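A quick write-up on the structure given underneath.
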Amino acid sequence: MSIVKKLQAAVVNSLTNLYNQPFTDKDFQINQTKPEFEGDYTVVLFSLLKATKKSPEELGQQLGSELLQTEPEIFVSFNIIKGFLNIVVADGYWLKLVTKHYEDVCFGKHALNGKKVMVEYSSPNTNKPIHLGHLRNNFLGWSVAEILKACGYKVFKSCIVNDRGIHICKSMIAWQMFADGATPQITGTKGDHFVGEYYVKFNDEYKLQVADLVAKGVTQKDAEKQAPIMLATQQMLQDWEAGKPEVIDLWKTMNGWVYEGFDVTYKNIGSDFDKTYYESNTYLLGKKIVELGLKKNVFYKKEDGSVWIDLTADGLDEKLVLRKDGTSVYITQDIGLAQQKNDEYNIDESIYVIGDEQNYHMKVLKLIAQKLGVAAADAIHHLSYGMVELPSGKMKSREGTVVDADELVDEMINTARRHTEELGKVKDFTSDELVELYNTIGLGAMKFYLLRVDPKKRMIFNPEESIDFHGFTGPFIQYTYARIQSILRKIGKEEMGEEFWINQNLLPLEKQLIIFLEKYTNTLDQAAYELNPSVIANYVFHLSKTFNSFYVEHSVANAETEEKKILRIHISVMTATVIKSALQLLGIAVPERM
RNA sequence: GGUCCGGUAGCUCAGCUGGAUAGAGCAUCAGCCUUCUAAGCUGAGGGUCAUUGGUUCGAAUCCAAUCCGGAUCACCA
């Protein structure tokens, strides 16, 4: 149990004993004591004055004394300033914490709680390569999954690949028109980039054809509908749905190229999935559920045969769920897939990592699922995140104004190499070791950059300004870890019995560090509760910052006494353990040297 | 227009389940490498917490209104 929770419980007990009436931990607030006052934790007394009919001074005295009496091992002294009861925690408490957990890789984590969660993320389209926006999605999804695992959930990572539809046919048509039989192998292009080029080519040609028609006197609207390349694409989609062999063959071939490319990217950035769904398999799902809903009068049919749901009573609009030709729309598939996920995995919670532009869609999805009585409806949770934009505005694949994921990864790794070479600290590394190090640092910088911001906030990425390697960054934290490892390599782990060093007074920075380490548990819980990796990113940065202050102020190897030396080794090991654990939850590796 | 999200230092962001003098990083300036890694540390300057009103002993935090920015409200996905 964390110290804050212990204090909360102790205060509730003490109050109940003292004043013969029930209290809960909601009746008061506990904060960390501000550095300018003496103490570690502060009970804010104002909210208790009415119930206890005491003055702050009197209440503080009584409560403080009672706390010291009931938990003399933990609380050693207190002071009262205005309405604040500042409590000092025994050094022995902190020392014991360090002896117990300093090498505990599970510190802060929870045992399995029996609950199952599915995290759906990534969800790429197979007509273009992955860009910066997808990276935010990937890192978020992966990290949230790991955070939930650490908090005791059984987690399934899933991915729905949008592998069919009009946009896929666009690159297929363009390939037929312009490729002249070219393949990724022949051109030496990564498969997803290769296909993406044809998606851009489609749009270029489409624009030309529309302009041509407009020049001939056709209205813009009509021109957009009549452009031959668009008509051909629509025809191709129909052929695909009819299962026309040559179309299916081309579709399989081109998607195959994309998957080869994606595999490389996913491997590079460390994304993985337990289950991959393909829209080509799921797009027909949900129709049966809609039919059932019609019987239950959840839906209604219009004269033209299309099926709708009326959500105006819930403050939303009417929503189409089945076209007049009986085919399903986006939301129909999603209802089907939600049901299927539940059937296959019997999940307690289903998290969708999807951009905030789909907030409305997800709201509607959940509402419809609930009205239909789909088993997993209440479990649906949309982890909505803000778009990554350029200074010039939104990224658009079809305009070619995107920050390509592969290029960015390469650039980050290159920058890592440049910095490392300039510093010249690892000249004895083999080339394999160097490659690994550059990867660790480059990806660390990039992942941290995207995860340190609250997911729901929109972010603007300026390609002119490179991602930093100093300050509030991944490399800064990795560096702190490497520094600790360096100390440990030099002096080794000295084995001394606990009784030798467990009784000593902590210096302010030593104590501050341990208090920070102790907070890891609550931090993890909060990150899981909020589904927010930035909570971890902020925590591990401040932990590293505190360690670096400690590092310059106090020598470990040349500590004042042998007791101090052993203590500081333990604190350092524990800091390294927590840094490694926290970064791992963000998908960031740590180097032994850098 | 309806709904949702955001507005905190020059820039990027923490802090938001109300608590003591609003914090980091970047950038700027001034210091610190013959002792454990300077991708570091110490310090300085920099604020009408969008605005107004309300609730409260106490508001960046809660409520209301207003202003600004964004998303969305498709027989697209």
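Chain letters run A, B, ... following the sequence lines, proteins first, then strands; residues in each count from 1. The structure displayed is predicted, hence computed values, not measured ones. Just so you know, these numbers use all the heavy atoms, side chains as well, and skip hydrogens, waters and symmetry mates.
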(message) Output the rounded distance in Å from CZ (A:F547) to P (B:rA38).
(response) 12 Å

(message) Say we look at B:rG54 and B:rG58: how far apart would their P atoms be, to the nearest angstrom?
(response) 12 Å

(request) Tell which nucleotide pairs with B:rA27, taking only Watson-Crick or G-U wobble pairs whose two distances are both under 3.5 angstrom. (result) none

(message) Regarding A:E560 and A:K565, does a basic nitrogen lie under 4.0 Å from an acidic carboxylate oxygen?
(response) no

(message) With rounding to the closest Å, how many angstrom separate the P atoms on B:rA20 and B:rC49?
(response) 16 Å

(request) Would you indicate, yes or no, if B:rC41 has its OP1 or OP2 atom less than 4.0 angstrom from a side-chain nitrogen or oxygen of A:K545? (result) yes

(request) Grab the CG-P distance between A:L311 and B:rU72 for me, whole Å please. (result) 19 Å

(message) With rounding to the closest Å, how many angstrom separate the C1' atoms on B:rC75 and B:rA71?
(response) 23 Å

(message) If only side-chain N and O atoms count, and only distance matters, is there a donor-acceptor pair under 3.5 Å linking A:N31 with A:Y41?
(response) no

(message) With the stacking rule set at 5.5 Å and 30°, tell me whether A:F84 counts as stacking on B:rG19.
(response) no

(message) Distance to the ring centre below 6.0 angstrom and angle to the axis at most 45 degrees; does that hold for A:K519 and A:F516?
(response) yes

(message) Can you confirm whether A:N548 sits close enough to A:R483 that some side-chain heavy atom of one is under 4.5 Å from a side-chain heavy atom of the other?
(response) yes

(request) Rounded to the nearest angstrom, tell me the gap between atom CD in A:Q234 and atom C1' in B:rC75. (result) 13 Å

(request) Would you mind reading off the distance between A:I80 atom CD1 and B:rG19 atom P, rounded to a whole angstrom? (result) 21 Å

(request) In whole angstrom, give me the gap between the C1' atoms of B:rC26 and B:rA64. (result) 37 Å

(message) Using atom P in both nucleotides, what's the gap between B:rA59 and B:rU55 to the nearest angstrom?
(response) 12 Å

(request) Considering only NZ, NE, NH1 and NH2 on the basic side and carboxylate oxygens on the acidic side, decide whether A:R458 and A:E357 come within less than 4.0 Å. (result) no

(request) Check the geometry between A:F472 and B:rA24 and answer yes if their rings are stacked (centres below 5.5 Å, planes below 30°), otherwise no. (result) no

(message) Please report the distance separating the C1' of B:rC68 from the corresponding atom of B:rU8, rounded so that it comes out in whole Å.
(response) 15 Å

(message) For B:rG1, give the paired nucleotide (Watson-Crick: N1-N3 plus N6-O4 or O6-N4; G-U: N1-O2 and O6-N3; both under 3.5 Å), or none.
(response) B:rC73

(message) On the nucleotide B:rG58, are OP1 or OP2 found under 4.0 Å from the side-chain N or O atoms that A:K82 carries?
(response) no

(request) State whether A:R489 places a side-chain N or O below 4.0 Å from either non-bridging phosphate oxygen (OP1 or OP2) of B:rU37. (result) no

(request) Look at the side chain of A:N538 against the base of B:rC13 and say whether a donor-acceptor pair falls under 3.5 Å; ignore hydrogens and angles. (result) no

(request) Can you check whether any acceptor in the base of B:rA14 is under 3.5 Å from a donor in the side chain of A:S534, or vice versa? (result) no

(message) Without decimals, in angstroms, what is the distance between A:D325 CG and B:rC76 C1'?
(response) 14 Å

(request) Rounded to whole angstrom, note down the C1' distance from B:rG46 over to B:rU12. (result) 15 Å

(request) Could you let me know what B:rC67 is paired to, Watson-Crick or G-U wobble, both distances under 3.5 Å, or none if it's on its own? (result) B:rG7

(request) With C1' as the reference atom in both, quote the distance from B:rG7 to B:rU61 in angstrom, rounded to an integer. (result) 14 Å

(message) Check this for me: does the side-chain of A:N86 come within 3.5 Å of the base of B:rA20 through a donor and an acceptor?
(response) yes

(message) Against the six-membered ring of A:F429, is A:R593 placed for a cation-pi contact (under 6.0 Å from the centre, within 45° of the normal)?
(response) no

